[in-house]
Engineer: 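I have a structure I would like to understand better, so I am pasting it below and will then ask my questions one at a time.
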Amino acid sequence: MTRPNQAQPPVPPSSATVIIVDDDAGIRASLDSLFRSVGLETRLFGSPAELLGSSLPDGPGCIVLDVRLPGVSGLDLQGQLVRQGISYPIIFMTGHGDIPMSVRAMKAGAVDFLSKPFRDQDMLDAVTAALERDAQHRAEAATKEDIRAQYETLTAREREVMGHVTAGLMNKQVAALIGLSEITVKIHRGNVMRKMGVRTLADLVRKAEALGVSQTRGTTDHT
């Protein structure tokens, strides 16, 4: 790593962790010092096997990964992590990078590809972007989980009504379609709005889209 100018610290998400995977102990120590100097937590691993055999933090994080490692390469490890559902953003380091390798890494979800030696600031910028991306992904996942929990409180009939009204049908059209009175549909619709925590149809539509539960006109779903 090079230090032509003093690196400017990022503004990391709280409890963010940078996971460093490199077989070079000197590189691991240097990166550990760099990240800790700007308030980031770190986890250090000398091989893919060490990483795969460890429990990883639950909070926001990213992986700084050497592309060339003994045994399993960094690119192969990236694939293993994806298959195991581990979705940390990855920043690759390499002293032997080439275009095909970097293209493969980026297509598989890497957020950056830095050639050694790199500037400290370049690494910090890449890590900051990766942590922000991971924090956003986690926030979106948590929001969707909350919406799913609300949806699970609906009865089968309420879900059916929700599907039809978010597909654009009026109450009287829903009533005719599913064989209920219009007043009964209005009651179900009111229950849906209350349980889903929304006050407008537009908000309900957005939640339905997040869940992928909108009905197609003229269909019913009693699940």
Side-chain angles (χ1 to χ4, degrees), residues 10-17 19 55-63 78-91 103-112 126-223:
V11 182
S14 60
S15 304
T17 302
I19 298 165
S55 59
L56 299 177
D58 291 331
C62 68
I63 298 175
Q78 180 186 29
Q80 289 187 31
L81 292 173
V82 170
R83 289 190 292 274
Q84 292 184 21
I86 300 173
S87 58
Y88 283 117
I90 296 177
I91 299 160
V103 168
R104 176 184 165 190
M106 299 301 279
K107 283 185 175 180
V111 296
D112 214 332
V127 164
T128 299
L131 292 176
E132 290 175 348
R133 172 173 167 174
D134 191 52
Q136 180 179 0
H137 172 76
R138 290 171 182 273
E140 291 172 350
T143 297
K144 187 169 183 177
E145 185 175 338
D146 289 343
I147 296 172
R148 173 60 64 180
Q150 292 174 324
Y151 185 71
E152 292 297 326
T153 68
L154 303 182
T155 66
R157 183 64 82 182
E158 288 165 353
R159 294 180 189 182
E160 183 179 25
V161 170
M162 175 178 167
H164 288 307
V165 299
T166 55
L169 295 183
M170 299 173 62
N171 288 343
K172 63 181 180 181
Q173 293 174 304
V174 177
L177 183 63
I178 63 179
L180 297 177
S181 68
E182 186 174 350
I183 188 63
T184 301
V185 170
K186 287 181 179 179
I187 292 172
H188 285 312
R189 180 170 176 165
N191 290 339
V192 169
M193 301 288 281
R194 175 176 53 81
K195 291 181 179 181
M196 294 300 295
V198 297
R199 302 183 66 179
T200 68
L201 177 59
D203 289 338
L204 185 63
V205 168
R206 279 190 285 270
K207 289 194 172 184
E209 289 175 345
L211 295 171
V213 299
S214 292
Q215 297 273 13
T216 302
R217 287 175 178 267
T219 66
T220 59
D221 180 7
H222 294 277
T223 59

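Everything numeric here is computed off the predicted structure, so don't read it as measured data.
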Engineer: Asp134: which residues meet the side chain to side chain donor-acceptor pair (under 3.5 Å) condition with it, sequence neighbours left out?
Structural biologist: Arg138

Engineer: Considering residues at least two apart in sequence or located in another chain, which fulfil the side chain to side chain contact (heavy atoms under 4.5 Å, CB included) criterion with Gln136?
Structural biologist: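 Residues passing side chain to side chain contact (heavy atoms under 4.5 Å, CB included) with Gln136: Glu140.
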
Engineer: Locate the shortest heavy-atom distance separating Leu211 from Lys144; write the atom from each residue and the value.
Structural biologist: CD2-O, 4.4 Å

Engineer: Using residues 175-188 as the side-chain source, report each donor-acceptor pair under 3.5 Å to any protein atom, sequence neighbours left out, with the distance given to one decimal.
Structural biologist:
{"unit_1": "Ser181", "atom_1": "OG", "unit_2": "Thr184", "atom_2": "N", "d": "3.2"}
{"unit_1": "Ser181", "atom_1": "OG", "unit_2": "Thr184", "atom_2": "OG1", "d": "2.7"}

Engineer: Rounded to the nearest 0.5 Å, what separation is found between the CE atom of Met162 and the CG atom of Asn191?
Structural biologist: 13.5 Å

Engineer: Where is the tightest heavy-atom contact between Gly61 and Pro89, given as atom of each residue plus distance?
Structural biologist: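 Taking every non-hydrogen atom into account, O-CD, 3.4 Å.
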
Engineer: Please list all pairs meeting side chain to side chain donor-acceptor pair (under 3.5 Å) that have one or both residues in residues 80-89, counting only residues at least two apart or in different chains.
Structural biologist: none

Engineer: Is there a side-chain contact between Glu160 and Thr155 in this structure, where contact means two heavy atoms from C-beta onward sitting under 4.5 Å apart?
Structural biologist: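 In short, these two side chains do not touch, never coming nearer than 4.5 Å.
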
Engineer: With rounding to the nearest 0.5 Å, note down the distance linking CD1 in Ile63 to CG in Leu81.
Structural biologist: 5.0 Å

Engineer: I need the Leu204 CG to Met193 CE distance, nearest 0.5 Å.
Structural biologist: 5.5 Å

Engineer: Return the minimal non-hydrogen interatomic distance between Leu131 and Cys62, and the atom names on each side.
Structural biologist: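 Shortest heavy-atom separation between Leu131 and Cys62 comes out as CD2-N, 3.8 Å.
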
Engineer: Once salt bridge (Lys or Arg N to Asp or Glu O under 4.0 Å) is applied, do any residues pair with Glu145, and if so which ones, sequence neighbours excluded?
Structural biologist: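 Scan of Glu145 (salt bridge (Lys or Arg N to Asp or Glu O under 4.0 Å), adjacent residues dropped) gives none.
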
Engineer: Sequence neighbours left out, what pairs pass salt bridge (charged side-chain N to carboxylate O under 4.0 Å, His left out) with at least one residue falling in residues 188-204?
Structural biologist: Glu158-Lys195, Asp203-Arg206

